[in-house]
Amino acid sequence: MKMSKMYMPTLREVPSEAEIPSHQLLLRAGMIRKLVSGVYSYLPLGYRSIRKVEQVVREEMDASDSQELLMSAIQPRELWEASGRWENFGPEMWRLKDRNDREFCLGPTHEEYFTDLIKDEIKSYKQLPLNLYQIQTKYRDEKRPRFGLMRCREFIMKDAYSFDVDEDAMRVAYQNMWDAYDRIFTRLKLNYKVVEGDSGSMGGSVSHEFTAMSDVGEGVIAYCKSCDYAATDEKAKVIYSIPQSDEVEKEMDKVQTPEVKTIEALVGFFNTDKYKFGKALVFLAQGEPVVVVIPGNRELSETKLANYLMIPGHELEMAEEDTIKKISGANKGFTGPVGLLDGTKLLVDKRVTTIKNMVVGGNETDYHYINVNYGRDFQGEVVEDLLMVEENDICPSCGEHLYLDRGIEVGNIFQLGTKYSDSLKAKYLDENGKEKPFVMGSYGVGVSRSVAAVVEQYHDEKGIVWPFVIAPYHAIITIVNIKNEEQVELGEKIYENLKKVGIEVLLDDRNERPGVKFNDRELIGIPVQITVGKMAGEGIVEYSLRKRDEKKEVKEDQLHELILEAFREEGFYL
Ligand code: ATP
Ligand code: MG
């Protein structure tokens, strides 16, 4: 492509709305543009990268015997009612009505639709296993769309669904997809980890997330360096015990603690350890108040709480002051488990039951109880683990220590079991002619998000540093002075020659100052850089790679071989 004809609106300034590198650089490089919050257009350069990710995904899915099809984004309400997700999916679902008032959604995911699609067509065990996928636009009215392509309200996803005769066969399908994802993210050059995930609204029990490591990632993962344990912070089981002491249980007492509301202030006031406080948090779960008590030195995992209560995450919220007052009789900051309004649901993290002589809120403004002991002074529903994992917690698998890191979830795989086939009555006949529900799995890749993840891992202060596999073009030829005929001639000759051998090449033939061209070239991050300048008359050009600082002068006829060598170095082949 000749850049004089190209639509590539680069920006010199960093757009103020963009906080993270991928968002800033994709905007600045003229690859994407925002329409409204969380909705983007993919401009010519950006769309090339998107299509390349799609192609890698497609090749690896095809190689795993998954078959591509394309479904509609529009899905009728009835399908989602059958699975119970019309209610449960919550405000993320983008709902709409047709002219006859019939209700639909724009698909946030397609479990119901795929199950419905095959249920009347696949009748026998002989037609299984089956694995179908599509690469399609998804819609989710995210609470906080942000970070450019990272969290959008409209985005491209590859979603696949497997149908099997039983659990064992489903596990084979699951492993098959796991292997395909390993190949996909390896080819995309992402530094990633596979971690145990929380199954959330998908249902099912086992799931894994493919997480591209990045400091700006929204996900936190806990992992062990001594064994292969790795899980999202929402999922990671917390092995933590309260330091034991042989203290005797003292008599409970109520003490005045004016204006001492936070744990930090209390630690100072009582001059005792943080873990000796029973921290009470008040939530509304589907509108009903729930008080949760955890050790004062730890944080609560809202995902674990929602899972325990068996409600979708969006139906759990922190209670407001009026609810707190109603159930505790006190202002915020003084809630505790002793003497709550009768009938208030009280959940207690198991570890709280072992804190000796703890301090808790007094359920009276400006008061706390001291020397409170579980069992004797209050009782509740004891829950095994409601805590958020922390760095240095014990690895649940080998007993060593856990590390925390941030990452971007670029894909995930779920063992769904029969959740959707049961609710949508999707059955096949087994060898004995008996009806059985399909055992399913579902598998997603964030196609547009993956482009952002690659940029997060491959950029420097000047711009993007694309790996070949999804670079919009492989090479860029910069003609330093387009008024110089020799330069123009040689530039065009190289351009034609490289195109002929299948190399995707840009020719910067714009009538711009060299500085502008060089800056744009760094910004858009094309891997191979060829500069046609003063030595054009002798057929000599400057060759460099975006990812390195070295430049060398080479004869024009060496370029093809040099580029192939650069491909090989990255394990990339045309
Ligand atoms: P997240 O936890 O980031 O919200 P999710 O668990 O909701 O992700 P899935 O429903 O499993 O995501 O969707 C499959 C893939 O689609 C994700 O792994 C992610 O790469 C991508 N994805 C999900 N939500 C978005 C979004 N709002 N914008 C861009 N990509 C997304
Ligand atoms: Mg989500």
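For ligands, and for the atoms within them, numbers begin at 1 and follow the listed sequence. Side chains are part of it too, since the values below use all heavy atoms of this structure and drop only hydrogens, waters and symmetry mates.
Here the two rings, on His208 and Tyr181, have centers that are 6.0 Å apart or farther. When ring centroids are compared, Trp80 and Phe89 come within the 6.0 Å threshold.
Because its NZ or CZ atom is not both nearer than 6.0 Å to the ring centre of Phe104 and within 45° of the ring axis, Arg77 does not count as a cation-pi partner of that residue. Cation-pi check for Lys436 over Tyr428 is not met; the charged atom does not lie both under 6.0 angstrom from the ring centroid and within 45 degrees of its normal. Taking the ring axis of Tyr47 as reference, the NZ or CZ atom of Arg51 stays within 45° of it and closer than 6.0 Å to the ring centre. For the pair Lys427 and Phe438, the cation-pi test (distance below 6.0 Å, angle within 45°) is failed.
Neither the backbone nor the side chain of Lys138 has a heavy atom within less than 4.0 Å of ligand 1. The proximity of Leu149 to ligand 1, defined as any non-hydrogen pair under 4.0 Å, is limited to the backbone. In Met157, the part holding a heavy atom less than 4.0 Å from any atom of ligand 1 is the side chain. The proximity of Glu142 to ligand 1, defined as any non-hydrogen pair under 4.0 Å, is limited to the side chain.
Using modelled atom types and a 3.5 Å distance limit, the side chains of Arg406 and Thr211 yield no donor-acceptor pair.
For ligand 1, the atoms closer than 4.0 angstrom to any heavy atom of Gly411 are 18 (O).
Distances from atom 26 (C) of ligand 1 to the heavy atoms of Tyr139, Phe155, Tyr443 show the closest one on Phe155.
For a threshold of 3.5 Å applied to N or O pairs, the pair formed by Arg151 and ligand 1 contains at least one separation below that value.
Using a 4.0 Å heavy-atom cutoff, Cys152 is listed among the residues neighbouring ligand 1. Under the 4.0 angstrom criterion for non-hydrogen atoms, Thr109 is not in contact with ligand 1.
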